[in-house]
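See below for the structure under consideration.
In what follows, chains carry the letters A, B, and so on, assigned in the order in which the sequence lines appear, proteins first and then strands, with residues in each chain numbered from 1. Given the structure is predicted, the values throughout are model-derived calculations rather than measurements.
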Amino acid sequence: MPAKPKESRVQEQRRQVLEAVRAVPPGQVAGYGEIARRAGLPGRARLVARILSAGDEPGLPWHRVLRSDGRIAFPPDSPAFAEQVQRLRAEGVRVEGGRVRGQRAAPSLDEMLWSPPGGPR
DNA sequence: ATATTGACCCGGA
DNA sequence: CTCCGGGCCAATA
């Protein structure tokens with residue numbers, strides 16, 4: 001007789017995503033798609049967004065997750081937007097016009113292949 | 001059961 | 001820069 005139905009698929013994926021989000025160090029950012037990839041779920045940026053929208057997991061650095069173009073995922077006039085900007089700035093991230101400057105949320109293929117030594121400049 | 005909704009992504013026009 | 005269209009898929013209606 002089947003005991004525990006293991007861990008449901010969604011729950012396992014959820015765990016993976018949360019892990020990937022926690023892995024983003026302070027002062028750095030990552031795109032939803034980027035997180036999905038790191039979690040072993042390529043092409044599933046939406047799943048990442050949905051999981052974060054749940055709002056559980058205390059202490060999760062959700063504010064380090066942005067859109068691939070470096071923009072905050074909330075409407076500019078929303079409270080959540082303001083909070084995310086504030087949290088990012090508190091970590092030394094430069095945010096201008098609802099967009100993070102100074103680093104890339106989703107590195108382009110070119111960047112990854114060329115990866116200029118010494119970093120972009 | 002089908003339909004709509006998202007803290008999304010990406011290439012092309 | 002914007003707009004468009006396809007891909008993605010769990011949750012909600």
- Message: Taking any atom closer than 4.0 angstrom to a non-hydrogen atom of chain A, what span of DNA chain C does the protein reach, first nucleotide to last?
- Response: C/dC1 to C/dA11
- Message: Here's a test of your reading of the structure: between A/R71 and A/G43, which maps to the more 5' nucleotide of DNA chain C?
- Response: A/R71
- Task: Under the side-chain contact (heavy atoms from CB on, under 4.5 Å) rule, collect the residues that match up with A/P26, sequence neighbours excluded.
- Result: A/R64, A/E91
- Whole-Å distance, A/D69 CG to B/dC10 P, equals 10 Å
Distances under 3.5 Å only, N/O to N/O: pair up the protein atoms with those of nucleotides 1-5 of chain B.
none

- Message: For a quick test of reading the model, state the closest non-hydrogen atom pair linking A/V95 to A/L88 and the distance between them.
- Response: CG2-CB, 4.0 Å
- Give the rounded distance in Å between these two atoms: CG of A/D77 and P of B/dA7. 14 Å
- Message: Can you check the distance between C/dC8 and B/dT4, where both ends of the measurement are the C1' atom (answer in whole Å)?
- Response: 15 Å
- Between B/dC8 atom C1' and A/R67 atom CZ, what is the distance in whole Å? 8 Å
Contacts table for residues 74-85 of chain A: side-chain donor-acceptor under 3.5 angstrom, sequence neighbours left out:
{"unit_1": "A/S78", "atom_1": "OG", "unit_2": "A/P75", "atom_2": "O", "d": "2.7"}
{"unit_1": "A/S78", "atom_1": "OG", "unit_2": "A/F81", "atom_2": "N", "d": "3.3"}
{"unit_1": "A/E83", "atom_1": "OE2", "unit_2": "A/R87", "atom_2": "NE", "d": "3.1"}
{"unit_1": "A/E83", "atom_1": "OE2", "unit_2": "A/R87", "atom_2": "NH2", "d": "3.1"}
{"unit_1": "A/Q84", "atom_1": "NE2", "unit_2": "A/H63", "atom_2": "O", "d": "2.9"}
{"unit_1": "A/Q84", "atom_1": "NE2", "unit_2": "A/V65", "atom_2": "O", "d": "3.1"}

- Message: With heavy-atom distances below 4.5 Å as the criterion, would you say the side chains of A/Q13 and A/L41 are in contact?
- Response: yes
- Provide the distance between the two P atoms, one in C/dC1 and one in B/dC10, to the nearest whole Å. 15 Å
- Tell me what A/R99 touches on the nucleic acid: a base, only sugar-phosphate, or nothing, going by heavy atoms under 4.0 Å. sugar-phosphate
- Sub-4.0 Å heavy-atom contacts from residues 45-57 of chain A onto DNA chain C, ordered by number: A/R46, A/R50
- Rounded to whole angstrom units, what separation is found between the CG atom of A/L60 and the C1' atom of B/dA7? 12 Å
- Task: Would you give the length of the straight line joining atom CD1 of A/I72 to atom CZ of A/R99, rounded to the nearest 0.5 angstrom?
- Result: 10.5 Å
Solution key, residues 44-61 of chain A side-chain donor-acceptor pairs under 3.5 Å, sequence neighbours excluded:
{"unit_1": "A/S53", "atom_1": "OG", "unit_2": "A/R50", "atom_2": "O", "d": "2.5"}
{"unit_1": "A/E57", "atom_1": "OE1", "unit_2": "A/R22", "atom_2": "NH2", "d": "3.1"}
{"unit_1": "A/E57", "atom_1": "OE2", "unit_2": "A/R14", "atom_2": "NH2", "d": "3.2"}

- Message: If I pick the C1' atom on B/dG6 and the same atom on C/dG7, what distance separates them, to the nearest angstrom?
- Response: 14 Å
